[in-house]
Student: 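Here it is: the structure, laid out below.
Here the structure is a predicted model, which is why all the values come from computation and not from measurement. Chain letters run A, B, ... following the sequence lines, proteins first, then strands; residues in each count from 1.
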Protein chains: 2
Amino acid sequence: MCPQPPLQTSRSLARQQREQALLKLAQQVLRQDGFAGLTMDRLTALSEVSKGTLYNHFSSKEDVLTALSVDSLERLQQLFRLALGFTGHSRERALALHHAYHRFSAAEPTLFLCLLTAATPGVMEKSSPQRLQRRQKLETELLTMCQTVLLDALADGSLTLPSGTAVEQYAFINWAMAFGCNALFMPLRQLGLFAGLEVGQVNIHSISILFDGMGWLPLAADWDYQASWQRIDQMFSQQLSTPMSDTFIHPMLSNAQEPA
Amino acid sequence: MCPQPPLQTSRSLARQQREQALLKLAQQVLRQDGFAGLTMDRLTALSEVSKGTLYNHFSSKEDVLTALSVDSLERLQQLFRLALGFTGHSRERALALHHAYHRFSAAEPTLFLCLLTAATPGVMEKSSPQRLQRRQKLETELLTMCQTVLLDALADGSLTLPSGTAVEQYAFINWAMAFGCNALFMPLRQLGLFAGLEVGQVNIHSISILFDGMGWLPLAADWDYQASWQRIDQMFSQQLSTPMSDTFIHPMLSNAQEPA
DNA sequence: ACCTGAACACCGTTCAAGT
DNA sequence: ACCTGAACACCGTTCAAGT
């Protein structure tokens, strides 16, 4: 009756679910015992698979970290999709993208640290090429999403490119700023620096400066972006309190399942 | 005749020199075999000390990486000193600071990657508290140097703080931007992204945007900062071609040695 | 007081045997 | 075709013995 529920697919689905379960466990270990506490022994002990199977999923310990960073990027992408759906002018939508980035780094500090760690040469050197490729693809897609908003802004005239500047460049600068602010804040805090500063505020402020510097209209002086930020925050809170996490965890379910 | 050349000092000097030699070797290994290729075995094999002595200097393998990051910060500090000596208005001096940061990341990619790696939780967790403290102190000093220029700008009126903003915040944003741009560029390049972009140009551009966004006078439209960048570059090239590297490598020599 | 390197322990990775 | 876990190998860390 079911139109041949393809065995291969359901098998690979199971495989994917197991991999997700393993990554969940890895996160748990990272949270409990820190990054130094993550060992393949501990991971197998907590899981229900043997070491061999673990290595069937991940080519090395570092590959686990890269896999977690891929997961992070996928979640970021989900948030970016929501951000792009925000109703407002182009600069507000760009603000929404930054909000998504910040929200993720605040809600998932461990995963965000995976993003930082996976950008490290020692980890990249020992990760599987396939996983690195997957990450590259995702990162490209995210940057493309950033460029979408920039192109919109160019189209509606709220932003003008100085001659000799590529859109790519603006996307990179935004990405770098977001990464720098969110990535540096945690370690510097840990070192005891910037005790007086609040992440969210610094973030909003730095984005305002960046966009104003790009000449992105309306400028901060002519618009209440603090209010926009709050509206964006509410939008996210609403959207995330409801279903969506389902579609996130098993993006393939829609193919696999059939209405009864 | 010599006013008691203190034995303790000369001993600790020798110790310091040996530590520098070990760090030089570690760099060599990192360059040749990558970060995954750095092992304590390999380091002792290349050096003339035993493992025990190596561990007498560094509490762990990760401590070696943190030590390299401390070294990096010390060199950055040297460059920052030069930058602050640049003759020009406050925004140009701030540009000089960014130039120093960029110059370092370009001239010493391996050391810069150490800076990135040492900010990683896995490394911090296994580094000695003393070394982490040393790093924190240096990082504070560097940020203070950034704040110096900001305060100058506030004093001469070329920069105005919006109410409710701390100078610290501006210093952090600058630091984050510089870190983000320089740190992300290398890994993203390695992943094959941004093949068309040139680091130096992106850097200058991002700094212009940042300073313009802060409203730091004169704005980019009213001043040729490309020319300033080149003048700064020349200044660095001149200063660095001459002595100074001596005083850098052995900052204590001036105390220890006596004219014959 | 400091150095040595053999010994130890932990942990990442593999692979022959099993289902 | 996939799973298992004992075995292996590498490498980080220690410490008893030496100077």
Side-chain angles (χ1 to χ4, degrees), chain A residues 6-19 21-22 25-26 29-30 32-68 117-118 120 122-131, chain B residues 6-19 21-23 25-26 29-30 32-68 117 120 122-131:
Chain A
L7 270 190
Q8 275 207 342
T9 296
S10 89
R11 187 167 287 179
S12 86
L13 172 66
R15 188 188 151 81
Q16 219 174 306
Q17 284 174 327
R18 186 172 54 187
E19 188 156 312
L22 286 170
L25 285 178
V29 174
L30 290 177
Q32 282 176 9
D33 309 335
F35 279 66
L38 177 68
T39 69
M40 296 305 252
D41 270 325
R42 191 145 165 59
L43 199 47
T44 30
L46 283 178
S47 79
E48 283 173 332
V49 302
S50 68
K51 275 196 176 182
T53 303
L54 185 62
Y55 274 88
N56 198 324
H57 281 275
F58 309 104
S59 71
S60 66
K61 181 190 156 183
E62 283 73 21
D63 205 37
V64 175
L65 290 170
T66 301
L68 283 170
T117 301
T120 262
V123 173
M124 286 182 70
E125 287 164 10
K126 300 183 105 184
S127 296
S128 71
Q130 300 91 316
R131 196 92 53 180
Chain B
L7 269 191
Q8 276 208 340
T9 296
S10 88
R11 186 166 290 180
S12 86
L13 172 67
R15 188 187 151 81
Q16 218 173 307
Q17 283 174 329
R18 188 171 55 189
E19 189 156 312
L22 287 170
L23 290 176
L25 285 178
V29 174
L30 291 177
Q32 282 176 8
D33 309 335
F35 279 68
L38 178 68
T39 68
M40 296 304 252
D41 270 325
R42 190 143 165 60
L43 200 48
T44 29
L46 282 177
S47 78
E48 283 173 332
V49 303
S50 68
K51 277 196 176 181
T53 303
L54 185 62
Y55 274 89
N56 198 325
H57 281 276
F58 309 104
S59 72
S60 68
K61 182 190 155 182
E62 284 71 23
D63 205 37
V64 175
L65 290 170
T66 301
L68 283 170
T117 302
T120 263
V123 173
M124 286 182 70
E125 287 164 9
K126 298 183 105 185
S127 295
S128 70
Q130 299 92 315
R131 195 92 53 180

Student: To the nearest angstrom, how far is A:Asp41 atom CG from C:dA9 atom P?
Tutor: 16 Å
Student: Taking any strand in view, what nucleotide pairs with C:dA6 in a Watson-Crick or G-U wobble way, both distances under 3.5 Å?
Tutor: D:dT14
Student: Would you mind telling me which of C:dC3, D:dC3, D:dC11 lies closest to the side-chain atoms of B:Ser50?
Tutor: C:dC3
Student: Using the side-chain contact (heavy atoms from CB on, under 4.5 Å) definition, which of the options B:Leu65, B:Leu23, B:Thr66 pairs with B:Phe58?
Tutor: B:Leu23
Student: Would you mind reading off the distance between A:Leu43 atom CG and C:dT13 atom C1', rounded to a whole angstrom?
Tutor: 14 Å
Student: Rounded to the nearest angstrom, tell me the gap between atom CD in A:Glu62 and atom C1' in D:dC10.
Tutor: 14 Å
Student: Quickly work out the B:Leu38 CG to D:dC10 C1' distance and round it to whole Å.
Tutor: 15 Å
Student: Please name the nucleotide paired to C:dA1 by Watson-Crick or G-U wobble geometry with both distances under 3.5 Å, or report none.
Tutor: D:dT19
Student: Does a side-chain heavy-atom distance below 4.5 Å link B:Thr117 with B:Phe35?
Tutor: yes
Student: Starting at CE of B:Met40 and ending at C1' of D:dC10, how long is that distance when rounded to a whole Å?
Tutor: 15 Å
Student: Taking only heavy atoms on the protein side, list every residue of residues 51-60 of chain B lying under 4.0 Å from any atom of DNA chain C, sorted numerically.
Tutor: B:Lys51, B:Gly52, B:Thr53, B:Asn56
Student: Nearest-Å distance, CG (A:Asp63) to P (C:dG12)?
Tutor: 14 Å
Student: D:dC3 phosphate, OP1 or OP2: any side-chain N/O from A:Arg18 under 4.0 angstrom?
Tutor: yes
Student: Thinking salt bridges, do B:Arg42 and B:Asp33 make one under a 4.0 Å N-O criterion?
Tutor: yes
Student: How far does CG of B:Asn56 sit from CZ of B:Arg15, to the nearest 0.5 angstrom?
Tutor: 5.0 Å
Student: Rounded to the Å, how far apart are A:Arg42 CZ and C:dT13 C1'?
Tutor: 20 Å
Student: C:dC11 C1' sits how many Å from B:Lys126 NZ, rounded?
Tutor: 10 Å
Student: Between CE of A:Met40 and OG of A:Ser47, what distance do you get to the nearest 0.5 Å?
Tutor: 10.0 Å
Student: Have a look at B:Arg15 and say if it touches a base, only the backbone sugar-phosphate, or nothing, with a 4.0 Å heavy-atom cut-off.
Tutor: nothing
Student: Just wondering, do A:Gln17 and A:Leu13 contact through their side chains at under 4.5 Å, heavy atoms?
Tutor: yes
Student: How about B:Leu43 and B:Lys61: do any of their side-chain heavy atoms sit closer than 4.5 Å?
Tutor: no
